[in-house]
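See below for the structure under consideration.
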Amino acid sequence: MSGEEEENAAELKIGDEFLKAKCLMNCEVSLILEHKYEQLQQSSDDPMNQVSQVFEKSLQYVKRFSRYKNPDAVRQVREILARYQLAEFELCVLGNLCPETVEEAIAMVPSIKTRGRAQDDEAIEKMLNDLSLIKKFE
């Protein structure tokens with residue numbers, strides 16, 4: 001094995017290129033693909049703008065697994081999670097999986113407790129409550 005550190009998502013050791021990358025939640029990808037799909041449908045007379053099967057399957061997938069459908073709700077979810085100084089990876093995992101309890105959140109994203117800026121249970125609980133309110137009123 002090389003001298004590089006072993007990757008471990010639980011400790012947020014996921015590689016510099018991934019840590020610096022902008023991640024998108026499924027609901028954000030869904031909005032982007034839906035917009036592109038509408039554009040392609042409007043110009044469907046052009047054979048070069050046909051929707052591929054891969055595109056359709058990708059759209060179906062993100063729509064199925066998106067927890068938030070409303071564009072305003074999607075924006076609010078990102079804003080709420082961003083307040084907690086989460087890494088993009090953590091933000092997207094929590095936004096996609098929508099844990100209901102502090103224990104679930106820590107099990108899904110252990111790095112929220114183990115990194116230098118570890119969140120206390122009350123902060124995690126407040127974050128989860130804020131997310132559940134968005135889901136409830138969507």
Side-chain heavy atoms nearer than 4.5 Å, only ILVMFWY residues, links allowed to pass through others: does that put [X] and [Y] together?
X     : Y     : value
Tyr61 : Leu40 : yes
Leu24 : Tyr37 : yes
Ile32 : Phe65 : yes

Applying the side chain to side chain contact (heavy atoms under 4.5 Å, CB included) test to Ile134, which of Val77, Asn70, Asp72 qualifies? Val77
Between Leu31, Leu94, Asn96, which is the residue that forms a side chain to side chain contact (heavy atoms under 4.5 Å, CB included) with Met25? Asn96
Enter the distance from [X]:[atom1] to [Y]:[atom2] here, rounded to the nearest 0.5 Å.
X      : Y      : atom1 : atom2 : result
Lys126 : Leu128 : NZ    : CG    : 11.0 Å
Gln42  : Gln39  : CD    : CD    : 7.5 Å
Glu90  : Gln85  : CD    : CD    : 11.0 Å
Gln76  : Ile80  : CD    : CD1   : 6.5 Å
Lys113 : Ser111 : NZ    : OG    : 12.0 Å

Contact between [X] and [Y] at the side-chain level, heavy atoms closer than 4.5 Å - yes or no?
X      : Y      : result
Phe55  : Leu33  : yes
Cys98  : Lys135 : no
Leu131 : Tyr68  : yes
Arg67  : Asn26  : no
Leu59  : Lys36  : no

Ser30 side chain to Cys27 backbone, donor-acceptor under 3.5 Å: no
[X] to [Y] - nearest heavy-atom pair and separation:
X     : Y      : result
Leu97 : Met108 : CB-SD, 3.6 Å
Ala73 : Glu138 : CB-OE2, 3.6 Å
Arg83 : Asp130 : NH1-OD2, 4.1 Å
Leu81 : Met127 : CD2-SD, 3.5 Å
Arg78 : Cys23  : NH2-O, 2.7 Å
Lys63 : Lys69  : O-NZ, 2.8 Å

Give every donor-acceptor pair under 3.5 Å between a side-chain atom in residues 99-106 and any protein atom, sequence neighbours left out.
{"unit_1": "Thr101", "atom_1": "OG1", "unit_2": "Glu104", "atom_2": "N", "d": "3.0"}
{"unit_1": "Glu104", "atom_1": "OE1", "unit_2": "Glu100", "atom_2": "N", "d": "2.7"}

The side chain to side chain contact (heavy atoms under 4.5 Å, CB included) partners of Ala123 (sequence neighbours excluded) come to Tyr84, Gln119, Asp120
Between Arg75 and Glu28, does any NZ, NE, NH1 or NH2 come within less than 4.0 Å of an OD or OE carboxylate oxygen? no
Taking only residues two or more places apart in sequence, or in another chain, which ones meet Lys136 in a salt bridge (charged side-chain N to carboxylate O under 4.0 Å, His left out)? none
